[in-house]
Amino acid sequence: MPSDYLSVALDVPLPRCFDYRAPAGAAGVGERVIVPFGRQTLSGVVLAVSETAPDFTGLKDIAAAPGDLPALPADVLALCRFCADFYAAPLGMVLAAALPAALRQPKPWSGDGATLLWQATDADALLARLSPRARKQRQLADLLRTPQTREAVREVAGDALRWLADWQAAGEVIAVAPERRTGVPRQAASPQLNAAQAAAVDAVNAAEGFAAFLLYGVTGSGKTEVYLRTIAERLGRGEQVLVLVPEINLTPQLEARFRQRFPDEAIVSLHSGLADGERTRSWLQAVRGEARIVLGTRLAVFTPLPALGLIVVDEEHDGSYRQQEGVRYSARDLAVWRAHDRKLPVLLGSATPSIETWKNATEGRYRRLNLPLRAVGGAVAPTIEVLPTGRTALQDGIHPLALERLRATLARGGQALVFINRRGYSPVLACNECGWVSGCKRCDARLVLHLGDRRLRCHHCGFECAIPAECPDCGNIDLKPLGQGTQRVEDALASRFPDTPPLRIDRDNTRRKGSLEAMLAQVHDGEVRLLVGTQMLAKGHDFANLQLVVVLNADAGLFSVDFRAEERLFAQLLQVAGRAGRAGQPGQVLIQTRYPEHPFYAALLAGDYAAFADEQLAARRELLLPPCASWLMIRAEAKRIETSLAFLSALRGALSGMAVQAMTPIAASMSRKAGWERAQLLVTAPTRGPVVAAAAHLATLLAARPPKGVRWVIDVDPQDV
DNA sequence: AGCACGCCGACT
DNA sequence: GTCGGCGTGCTC
């Protein structure tokens, strides 16, 4: 009996593959095998097949080749390999991230029926058999005259899927394979393009081979319409399109818009909020080419798409494209790599592009497509003003002029939003007598006062306790909350505007599934006219009647150690501002600041992100900061900071002789977190090559001799410093 | 990462 | 006398 020898990548943090024996032809490259590994059984992906036995005596046989995963195509394997090499991660872990969970389990996947359509063999015979009183069953039987998806069946009744199974067993219903779609999609009526949009669409449609485009335009400038037109063009050529979006809660809105435009297309959405089975089915639909549009969050970048013709990355600057746990990849950067590898156009959209993308556009590697401000539907740009807070006494943290504008807006019948990026009642509780403040025992952070349930909470480690009745140090009973959080602002506004009670929206009161949607519905209905919220409200949600936005604590990002903080603040403020005045009325945005003279605000008030980005880029060049240099960050945490620092110093030593500059290890900016003391080692080089080599070298070193009592992370191209 | 084996404290 | 603490070692 001839055997194959398989090189298999497993989801273990080891930087190598493992060899197995298998019956000849049992599994090919890119397919899934189930293998014994130590005392456990794991799922792995075959990377190579050889007929000659490897030089290893303890070789084991595979346990099974379930054949439930269509072989990952060479381009996806190449993408995963690039990701593993670039981010110094084991290939098996990258592959695991690329597969839906059901295809990572060491057991065969058996839920594939859902990509099929269901149809009655003889609907009239079925109806004749059913009781006249079984209304829902009859409705389903009637529906099944034409092929239906599992989802459509489920919508008929809670038990409908069970009836379907029974009828299928009785041969009354059969599964039919969906047609693989090709050709021009049917399209719902689409709005007229303006000149800039038309030029952008033409440019993308004309692209042959790799081409990267930066679609630069603010909220309301019509970026989505450009996406839809270029997507339609690719579908018309029989191709598939991958659309990446930053976050799950943005997917339904965009998805609805896509479905509306392409009513006959199977549009598949892929994100981590999906149930395992559903995600696996959607993924398989995309892999088989049944779904031509894939809309997903960062994990969707790995989806095998046989006829891929275009990749769109919406809000390309958004931090959520960066995976922060496990393999720390940037889905945006991988998307560009994939487009280049497959010789496709990639369209990066943003009102506030990342400086990385800006640099590429400036230097001509990406082509910039400008959409002028608010060109669509008569929308007008909001007026942005700065309110200096140095001299004026604030009322509960709010400038009197801001209160006055709020009053006027509400009196006019408009909606207003007060934006404060800090939840809780106040960020710290302090003693007036002795200077005690509510610090967290396990973190270098303050416990935040939550009045709703009368607790002090650490927002970093989750520690919480009751509010002390007196100062733990001096016994003073006069403890004062310092500073504002969403709850305090809510209270303040509630007492000032009793006729229009404020609604607070932050993570504290939207934990339950669906509660955010319920609250947003109240806002849309006009039931709520005064809103208080955190950055949760900055993204995606459009409130037609929102006329005024007040931003309370913008300054926090202004003097950060992180050189990207200003860029993020600009993006966030512009995004919040974009919420105001969408339906023809100009919105007002008021930003409270203690530093009105800061050059940052000059750029913001001018609404000129391009000028700001040019300045930022010039500064990065001057100071040799990314993207004008390449960075690698090694983060370490141990029970004692000395251990973390010593560990990093040893790593630094291990880099001598390499073409990188390794800095002195330093304590992290919040050095104590959840009882661990954290430090970081920065490694830089003018280009990526040496940095990637250094990362690989350290990863190999650490895998061979893992340190004791130290947790570590290798972060190539770190986004938070 | 799991999941073993492996030697030292409080319990049926 | 055992149950179990997590230290360290290996996985084709």
Side-chain angles (χ1 to χ4, degrees), chain A residues 1-66 77 80-81 83-84 87-107 272 276 299 302 323-329 634-640 642-644 646-647 650 674-677 695-696 698-715:
Chain A
M1 179 68 178
S3 289
D4 280 345
Y5 298 92
L6 312 179
S7 176
V8 178
L10 297 167
D11 183 14
V12 288
L14 301 170
R16 64 170 184 279
C17 293
F18 294 85
D19 296 319
Y20 289 88
R21 192 189 312 110
V29 171
E31 286 184 67
R32 188 163 102 91
V33 284
I34 292 167
V35 295
F37 188 69
R39 251 136 287 220
Q40 28 177 352
T41 303
L42 297 178
S43 170
V45 173
V46 178
L47 292 179
V49 179
S50 158
E51 284 174 18
T52 50
D55 184 22
F56 182 79
T57 44
L59 207 67
K60 290 182 180 176
D61 286 296
I62 64 164
L77 288 176
C80 291
R81 203 166 265 135
C83 180
Y87 295 107
L91 181 53
M93 288 179 73
V94 177
L95 284 160
L99 291 174
L103 295 174
R104 271 180 262 153
Q105 298 319 119
K107 58 177 192 247
S272 54
D276 266 11
L299 53 87
F302 297 107
Q323 169 85 35
Q324 291 293 7
E325 267 142 33
V327 186
R328 307 187 138 231
Y329 63 90
I634 325 294
R635 303 173 202 282
E637 53 182 33
K639 288 297 167 193
R640 289 176 49 236
E642 292 79 7
T643 315
S644 305
F647 164 74
W676 290 79
E677 299 194 334
L698 294 180
T700 315
L701 208 77
L702 288 166
R705 268 180 287 111
K708 293 173 290 187
V710 185
R711 297 193 210 152
W712 48 272
V713 167
I714 294 180
D715 200 352

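None of these values were measured; they are calculated from a predicted model. Excluded from the calculations below are hydrogen atoms, water molecules and symmetry mates; all remaining heavy atoms, backbone and side chain alike, are included.
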Q: Specify the separation, in whole Å, of atom CG of A:D11 and atom P of B:dC3.
A: 13 Å
Q. Taking the side chain of A:F56 as its heavy atoms from C-beta onward, which of B:dA4, C:dC12, C:dT8 lies nearest to it?
A. C:dC12
Q) Should A:R81 and A:L47 be marked as a side chain to side chain contact (heavy atoms under 4.5 Å, CB included) after you check the CA-CA gap, both sets of side-chain angles, and the distance that decides it? A) CA-CA 10 Å; A:R81 203 166 265 135; A:L47 292 179; 3.9 Å; yes
Q) Roughly, in whole Å, what's the span from CG in A:L59 to C1' in C:dT11? A) 13 Å
Q) Is A:P706 touching bases, backbone alone, or none of the nucleic acid, heavy atoms closer than 4.0 Å? A) nothing
Q | Protein-nucleotide distance (A:R16, atom CZ; C:dC10, atom P), rounded to Å | A | 11 Å
Q.
The test is side chain to side chain contact (heavy atoms under 4.5 Å, CB included); show your working for A:I634 and A:L698 and say whether it passes.
A. CA-CA 9 Å; A:I634 325 294; A:L698 294 180; 3.5 Å; yes
Q: Using whole Å, report how far CZ of A:R39 lies from C1' of C:dT11.
A: 9 Å
Q.
The side chain of A:L14 is closest to which nucleotide in this list: C:dT11, B:dA4, C:dT8?
A. C:dT11
(Q) Ignoring hydrogens, what is the shortest heavy-atom contact between A:F18 and A:L10? Give both atom names and the distance. (A) CD1-CD1, 3.9 Å
**Q.** Rounded interatomic separation in angstrom, taking CG from A:L42 and P from C:dT11
**A.** 14 Å
(Q) I'd like to know whether the aromatic ring centres of A:Y20 and A:F37 sit less than 6.0 Å apart in this structure. (A) no
Q: Give a yes/no verdict on base stacking between C:dC12 and A:F37: centres under 5.5 Å, planes within less than 30° of parallel.
A: no
Q. Between A:R21 (CZ) and C:dC12 (P), how many Å, whole number?
A. 13 Å
Q: Take the protein atom CG of A:D4 and the nucleotide atom P of C:dC12, then report the distance between them rounded to whole Å.
A: 19 Å
Q. In whole Å, what is the span from the CZ atom of A:F18 to the C1' atom of B:dA1?
A. 11 Å
